[in-house]
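I have placed the structure first, in the form of structure tokens, so that the comments after it can refer back to it.
Throughout, protein chains are lettered first and strands after them, A, B, ... in sequence-line order, and every chain is numbered starting at 1.
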Amino acid sequence: MIIVWSILALLVLAVLFGGLLGYASVRFRPEGNPIVDQIDQILPQTQCGQCGHPGCRPYAEAIANGEAINKCPPGGESTIQELADLLDMEPVPLDAEHGEEKPRQVAIIREDECIGCTKCIQACPVDAILGAAKQMHTVIESECTGCDLCVDPCPVDCIDMVPVATHLQTWHWQPPKPDYQIIATDRDRSDQEAA
Amino acid sequence: MNLMRLLRGQAAEPGWFDFPGGIHPPDNKAQSLQTPIAEFPLQAQYVVPVNQHIGALAVPCVTVGDQVLTGQIIAEAAGFISAPAHAPTSGTVTAIEDRPVPHPSGLTVTCIVIQADGQDTWRPRAPWPDWPARSHADLLQRLQEAGVTGLGGASFPTAVKLAADRAHIDTLVVNGAECEPYITADQALIRERAPTLYRGIEVVHKLYDFQRILIGIEDNKPDAIAALHAGLQALPETLRQRCEIRVVPTRYPSGGERQLIWLLTGREVPSGGLPMDLGMLCHNVGTLAAVADAVIEDRPLISRITTLTGDHLRRQGNIEVRLGTSIDALLAWAGLDTAPERLIMGGPMMGFALNEPGLPLVKATNCLLVPTEQELPTPPPAKPCIRCGHCEQVCPASLLPQQLMWFAQSREWDKAEQHRLFDCIECGACAYVCPSHIPLVQYYRAAKGTIHREKAEHQQAERARIRFEARQARLEQEAAEKEARRQQRAQAAKARQSESATAVDKASDPVSEAVERAKAKRTGEQGTPNTAPTANLSAEQLQARLDQQRDRLAKAEAKLADAAPEHRKAMQMTVSKLQQQIQKTEAQLQKAES
């Protein structure tokens, strides 16, 4: 008899918790895919499209659906590392097909040569170019992500991509060099190598 | 607290509380204290950088060729945390250009170059002997315009610090500890200018009305302590009662803001917080003297006391020197014997090496140290960490230095932050005791810089994402609006079409009416019997038609009378036809009436 009761009790519990879980899965269903948001947070938001997707969020969605994590040149190794940590994957080297990691750049319009065609304004994914038809255009440098997308549409080639210069406000100390540990008698040799 | 003091055996010395860690390096202060503060002679040229303070760069407000007077503002403060720069002497602005400045980066910054005229003519000055009668706002504005910054080394704009909310600040901590080896600028200042220092304390006291004023000084400065006591006697009674000179034991880094507050009050500034959170304000003695000069004498910060020391110099000592003076000229004056191996700005613990010639002296230059190799040997190359734990014992912030180093090396920034990397004051005590000579502080500085940069980049990425999404939304909205307009137009066109169709049905269209009339006329003329419709007509309608026909007959007869002979026949036919129609209609009428 006791076996019947215990089976009955387990059955009741199973139904109870099953119902609870079923209710919770409907009631507390997350909107959208939360992993996409987390991936999107890590991506550099350059919106350059070098990964083959029209923006960072579409690439985040593609990664969530199993696409490779090494297609983002602006993010480079550190982004790949972070993505690998998040998704519990092995970090892989950057896929050279999509470009190589470069220092941060900004677009600069040579304003004398600008003819005011607004083509770059239409190309800029973050609205960082200011201007109007037949008026000179200029880049809002603080908002420019250095995505390169304005360079091709320019009919007079007056946009340069310039690496961002370090100034006092952005400079910071570098870790000690050499980073590896050497014994004192090898110091001269390592200095020569460094030079 | 008393129990803890008893346990530490400090019951006999109630003047101070013990802070964790710290080291006792040789202080090397005697060599620069042999002479009184000297005055550096005027130079032919001064180079004034716009970045002599923490915060936004000042903006030059003079142009090349301008004549400037001593103490005139040549670069204005830009933004809230900023400070102006002043002409150190009178002369002509000969250039405003990027030049190397004393900064660990070795980067260039906009500098204003002044060719001195040798007259040193002051701008009009307005000393305030009646300064206690002035309002807080006036005092603060004068401090701001005087460009006073923290002279202990950090160079934070003093006016910004003094503009803090006054309500809950009750303690002023005067920092005269000067714990770093070699540096004696503050000691020399107290020794010779204690009255000015007390004036500065009075000015700041006027702003805040402190409950107590604690002056902290290390016990290796007996002459300065004596000068402080002497100066205290000259203070007004009410202020003197609130002032306390606290002599603390010599230990590095007791002159750190947080460490000194701990030493003097036994309270710890919270992690990530400021002394203000404890109701305290901490100022360096040099800063307070500069405050007095600025407010009472209307003398902006155009000079400071700098320690010239190190065995490479023949004349070691303290010197009052105008900001913007060439460091090379200073060292030459001090008798630099050879090209030195190293030139350090600041002390041996927290200073940094200057590698370029031709740098100007700035507000933060409290010491120029030119040590010989015997005096301060170059650290040997780093060896692996042996986990001896010495660094943990000396850390004044109670951190785990070696742990932080591992995290910095393996770039685990989140762990470094969890281990309170940002509570590190970069005092260098850990590196000083490290038997493996690991440059620990450099790891922490690099880690802090990288973390700050990554946070800034993340913020920028976030902004880019928001802008991108806003743009997408805008484009979608534009497309939707365009589509809506197109739909609207299409609907409007359709509506017009159907409207005109119904209008044709309803309204009497003159064209179609004319067509109808012509048709009716044609059938009438062809002689097709009109009887079918007329049969059903009423008597009145028949009567009207009869009248019409008679009318037409009368007209036709009149025309017949006038007609030309060739038309007469046709006219007669029309008349007879009409007469027939009339007869027919009359018959119908009679029938209808009967």
Can you tell me how far [atom2] of [Y] sits from [atom1] of [X], rounded to the nearest 0.5 angstrom?
X      : Y      : atom1 : atom2 : result
B:L57  : A:H167 : CG    : NE2   : 9.0 Å
A:C56  : B:E469 : SG    : CD    : 10.0 Å
B:R465 : A:R57  : CZ    : CZ    : 7.5 Å

[atom1]/[X]: more than 12 non-hydrogen atoms of other groups inside 6.0 Å:
X      : atom1 : answer
B:E481 : CD    : yes
A:I3   : CD1   : no
A:E100 : CD    : no

For the interface with chain A, which of B:A446, B:A447, B:A56 has the highest count of heavy-atom pairs at distances below 4.5 Å?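 Result: the option with the highest number of such pairs is B:A446.
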Assert top hit (heavy-atom pairs under 4.5 Å, partner chain A, pool B:Q472, B:R474, B:E454) equals B:R474
Would you mind checking which part of B:T450 comes under 4.5 Å of any heavy atom in chain A, side chain (CB onward), backbone (N, CA, C, O), both or neither? both
Heavy-atom cut-off 4.5 Å, strictly under: side chain, backbone, both or neither for B:H437 against chain A?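 For B:H437, neither part sits under 4.5 Å from chain A.
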Please look at [X] and chain B and tell me whether the side chain, the backbone, both or neither of the residue comes under 4.5 angstrom of a heavy atom of that chain.
X      : result
A:Q81  : neither
A:P54  : backbone
A:P125 : both
A:Q47  : side chain

Answer yes when B:R471 and A:D127 have at least one side-chain N-carboxylate O distance shorter than 4.0 Å, and no when they do not.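 Yes, charged N to carboxylate O under 4.0 Å.
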Closest heavy-atom pair and its distance - [X], [Y]:
X      : Y      : value
A:V126 : B:R467 : O-NE, 2.8 Å
A:G55  : B:F468 : CA-CZ, 4.0 Å
A:T145 : B:A464 : CG2-CB, 3.6 Å

Indicate yes or no: at least one non-hydrogen side-chain atom of B:Q442 is less than 4.5 angstrom from one of A:Q174.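 A side-chain contact is absent here, since even the closest heavy-atom pair is not under 4.5 Å.
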Does any part of the side chain of A:W173, heavy atoms only, come nearer than 4.5 Å to the side chain of B:K448, both counted from C-beta? no
Taking [X] for the side chain and [Y] for the main chain, is one N or O donor matched with an acceptor at less than 3.5 Å?
X      : Y      : value
A:Q45  : B:R463 : no
B:R453 : A:T170 : no
B:Q460 : A:S142 : yes

Determine which residues belonging to residues 424-435 of chain B lie within contact range of chain A, meaning some heavy atom pair is under 4.5 Å apart, and list them by number or answer 'none'.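 None at all.
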Name the option with the most non-hydrogen atom pairs under 4.5 Å to chain B; the candidates are A:C144, A:A128, A:C124.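 Most heavy-atom pairs under 4.5 Å with chain B: A:C124.
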